[in-house]
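Order of listing sets the numbers, starting from 1, for every ligand and every atom in it. By convention here, the first residue in the shown sequence is residue 1. Just so it is clear, the model here is predicted, and its values are computed rather than measured.
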Amino acid sequence: MSDSFRALRLNKTDDGQSHEIVDITEDALMDGDVSVAVSHSTLNYKDGLDLTGAVPVVRTWPMIPGIDFVGTVERSDHADYQAGDSVILNGWGVGEGHFGGYAQKARVNGDWLVKRPEAISPARAMAIGTAGYTAMLCVMAIEPDTPTDAGEVLVTGAAGGVGSVAVALLAKLGYQVVASTGRSEEADYLTGLGASRIIDRAELSEQGRPLDKEKWAAVVDAVGSHTLANAISQTRYGGTVAACGLAQGPDLPASVMPFILRGVTLRGVDSVMAPKPLREQAWARLATDLDFAKLDAMTSTASMSDLPELGQKILAGQTRGRIVIDVNA
Ligand SMILES: NC(=O)c1ccc[n+]([C@@H]2O[C@H](COP(=O)([O-])OP(=O)(O)OC[C@H]3O[C@@H](n4cnc5c(N)ncnc54)[C@H](OP(=O)(O)O)[C@@H]3O)[C@@H](O)[C@H]2O)c1
């Protein structure tokens with residue numbers, strides 16, 4: 001009989017869902033060809049949805065949530081992995097339809113894994129997590145059309161996870177970064193990450209003009225709704241807007257004018273089903289283009305028992321930067 005290990009489990013109840021920390025054995029894990037001893041997971045916005053049930057993202061009950069993990073391969077029937085390899089998992093529906101990272105062990109399809117770049121420690125890999133890897137995908141989405149001297153690049157939801165990593169990445173790459181935040185008290189934090197200017201998110205959060213004054217060479221948007229519509233209407237001729245989030249809302253009350261009069265490009269960014277070569281490229285870039293001192297400055301650490309409360313907080317916009325979950329603490 002295999003040894004037991006700890007996991008956070010979500011159960012469906014008559015009036016919603018409940019959570020508990022349980023001891024389970026490997027027999028309880030779902031099918032997969034790679035078994036991993038998990039060292040760290042993290043907290044993303046979607047984990048907040050999972051943990052609270054605010055939006056029904058869990059598809060199979062009971063569920064071990066956690067859309068990310070890093071750990072060491074214990075057993076593998078997959079050609080690309082062997083015992084001892086250090087691997088990262090982001091997305092692929094893990095934590096939603098397949099048991100996820102809020103556990104000391106996981107078993108998954110090896111096709112979902114990427115090898116951890118040596119330069120990124122396990123804890124830092126989860127400080128990056130889906131939020132940071134998505135920020136990298138957003139940067140990669142705007143880069144081809146945005147020379148570093150093109151002008152100011154706007155990052156919305158800047159004090160959140162995606163936003164914080166995007167600010168740090170863009171600043172290191174030499175862009176002039178404008179951070180939009182609703183938290184004026186985080187101005188020093190955002191300047192420390194490399195923002196050259198801070199704007200109040202209220203400037204972008206109400207219905208605006210279909211075609212506004214040109215301001216941004218490019219945009220990384222984690223917020224959606226009016227914020228994204230205004231960011232598009234303020235993007236300069238030929239600029240690109242990378243849209244990855246919906247913290248304000250999933251709607252897009254925008255006009256076609258910026259597209260047909262300014263040739264603005266709106267690029268959708270998805271991390272969950274992104275193909276493996278793109279993931280590997282993003283993680284390789286993170287190893288070289290992210291300032292780890294800045295990553296450390298935006299990161300705090302918590303344990304599995306903190307997760308239910310942190311899930312509420314991230315949805316309320318009350319967490320800053322990135323939170324690593326030490327599953328063995
Ligand atoms: N497409 C993908 O694959 C992908 C991957 C990861 C995340 N996402 C999405 O990206 C978004 C951000 O994720 P995250 O992990 O960075 O979450 P997060 O840490 O909670 O950051 C979201 C930030 O958005 C801002 N915000 C919150 N509510 C707002 C509102 N009502 N109006 C305007 N701004 C608001 C806040 O920033 P300030 O306090 O600075 O204003 C908040 O910190 C989420 O919607 C998430 O689902 C998508």
Side-chain angles (χ1 to χ4, degrees), residues 41-52 54-55 57 66-68 90-96 126-141 154-169 177-191 193 195 198-207 220-231 241-253 266-275 278-279 282 298-300 310-324:
S41 184
T42 181
L43 179 79
N44 297 280
Y45 192 89
K46 190 184 269 179
D47 294 311
L49 299 175
D50 245 6
L51 287 161
T52 60
V55 170
V57 287
I67 68 169
D68 289 326
N90 305 115
W92 292 116
V94 168
E96 303 174 65
M126 286 297 100
I128 293 168
T130 282
Y133 138 68
T134 302
M136 188 74 245
L137 292 177
C138 288
V139 171
M140 287 159 61
L154 174 69
V155 176
T156 65
V162 173
S164 294
V165 179
V167 170
L169 281 169
V177 188
V178 176
S180 167
T181 183
R183 292 181 266 179
S184 54
E185 69 277 16
E186 299 298 358
D188 286 348
Y189 163 75
L190 290 165
T191 309
L193 295 183
I198 315 289
I199 63 168
D200 187 333
R201 78 184 191 198
E203 288 180 31
L204 297 164
S205 58
E206 304 294 331
Q207 174 83 52
V220 171
D221 177 67
V223 171
S225 193
H226 289 301
T227 301
L228 175 57
N230 287 321
V241 178
C244 74
L246 42 58
Q248 183 180 16
D251 55 329
L252 179 53
L266 177 59
R267 279 214 179 118
V269 172
D270 167 61
S271 65
V272 180
M273 304 304 287
L278 187 61
R279 290 167 183 262
M298 71 176 83
T299 303
S300 54
L310 289 172
Q312 306 272 2
K313 282 192 168 169
I314 196 168
L315 296 191
Q318 290 168 358
T319 56
R320 184 180 87 172
R322 301 282 303 128
I323 299 174
V324 170

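Residue A159 has at least one nitrogen or oxygen atom sitting less than 3.5 Å from a nitrogen or oxygen atom of ligand 1, judged on distance alone. The shortest N or O to N or O distance between R183 and ligand 1 is under 3.5 Å. Note: an N/O pair closer than 3.5 Å links T181 and ligand 1 by distance alone. When only interatomic distances are considered, the shortest N/O to N/O separation between A131 and ligand 1 does not fall below 3.5 Å. Among the atoms of R201, some N or O lies under 3.5 angstrom from an N or O of ligand 1. Between G317 and ligand 1, no pair of N/O atoms sits closer than 3.5 Å. Polar contact check, S271 against ligand 1: a nitrogen or oxygen pair lies under 3.5 Å apart. Between V223 and ligand 1, no pair of N/O atoms sits closer than 3.5 Å. An N or O contact shorter than 3.5 Å is missing between G321 and ligand 1 by distance.
Between the side chain of D47 and the backbone N or O of I67 there is at least one donor-acceptor pair closer than 3.5 Å. Within the 3.5 Å criterion, the main-chain N or O of E203 finds no donor-acceptor partner in the side chain of D200. Under a 3.5 Å cut-off, the side chain of S225 and the backbone N or O of T227 do not form any donor-acceptor pair. Remark: side-chain polar atoms of R322 are paired, donor with acceptor, to backbone N or O of L43 under 3.5 angstrom. A donor-acceptor pair under 3.5 Å is absent between the side-chain atoms of D251 and the main chain of P253, judged by distance alone. The backbone N or O of A222 lies less than 3.5 Å from a partner atom in the side chain of T156, making a donor-acceptor pair. Of the possible donor and acceptor atoms, one in the side chain of R279 sits under 3.5 Å from a partner among the backbone N and O of N90. For Y133 (side chain) and S271 (main-chain N/O), a donor-acceptor pair under 3.5 Å exists by modelled atom type. In terms of modelled atom types and a separation under 3.5 Å, the side chain of T42 and the main chain of I323 share a donor-acceptor contact. Q248 places a side-chain N or O within donor-acceptor distance of the main-chain N or O of S205, the cut-off being under 3.5 Å.
Inter-residue side-chain proximity for L204 and H226 is flagged as unmet; no heavy-atom pair is nearer than 4.5 Å. L154 places none of its side-chain heavy atoms less than 4.5 Å from the side chain of V177.
Here the heavy atom of the protein found nearest to atom 6 (C) of ligand 1 is T134 OG1, 3.6 Å. Among all non-hydrogen protein atoms, the one lying nearest atom 15 (O) of ligand 1 is Y45 N, 3.4 Å. Protein heavy atom at the shortest distance from atom 22 (C) of ligand 1 is A247 CB, 4.1 Å. Nearest protein heavy-atom neighbour of atom 32 (N) of ligand 1: Q248 CB, 3.5 Å. The single protein non-hydrogen atom nearest to atom 19 (O) of ligand 1 is G161 N, 2.9 Å, given as residue, atom name and distance. Among all non-hydrogen protein atoms, the one lying nearest atom 21 (O) of ligand 1 is G160 CA, 3.2 Å. Shortest contact from atom 16 (O) of ligand 1 to any protein heavy atom: V162 N, 2.7 Å. Nearest to atom 11 (C) of ligand 1 among the protein's heavy atoms is A222 O, 3.3 Å.
Those atoms of ligand 1 that come under 4.0 Å of a heavy atom in T130, given as number and element, are 5 (C), 6 (C). For ligand 1, the atoms closer than 4.0 angstrom to any heavy atom of L246 are 45 (O). Distances below 4.0 Å separate heavy atoms of C244 from the following atoms of ligand 1: 1 (N), 2 (C), 4 (C), 8 (N), 9 (C), 10 (O), 48 (C). For ligand 1, the atoms sitting less than 4.0 Å from at least one non-hydrogen atom of G245 are 9 (C), 10 (O), 11 (C), 45 (O), numbered in the order shown with element in parentheses. Per-residue contacts place G157 under 4.0 angstrom from the following atoms of ligand 1 (heavy atoms of the residue considered): 23 (C), 24 (O), 25 (C), 37 (O), 40 (O).
Remark: R267 engages D145 in a salt bridge (charged side-chain N to carboxylate O under 4.0 Å, His left out) (not counting sequence neighbours). In this structure, the salt bridge (charged side-chain N to carboxylate O under 4.0 Å, His left out) partners of E96, at least two apart in sequence or on a different chain, are K46, R59.
Counting heavy atoms closer than 4.0 Å to ligand 1, residue I314 contributes atoms from both its backbone and its side chain. Of the heavy atoms in V269, only backbone atoms (N, CA, C, O) come closer than 4.0 Å to ligand 1.
Using a 4.0 angstrom heavy-atom cutoff, S205 does not count as in contact with ligand 1.
For E206, the CD atom sits in a loose shell: 12 or fewer heavy atoms of surrounding residues, nucleotides or ligands are nearer than 6.0 Å.
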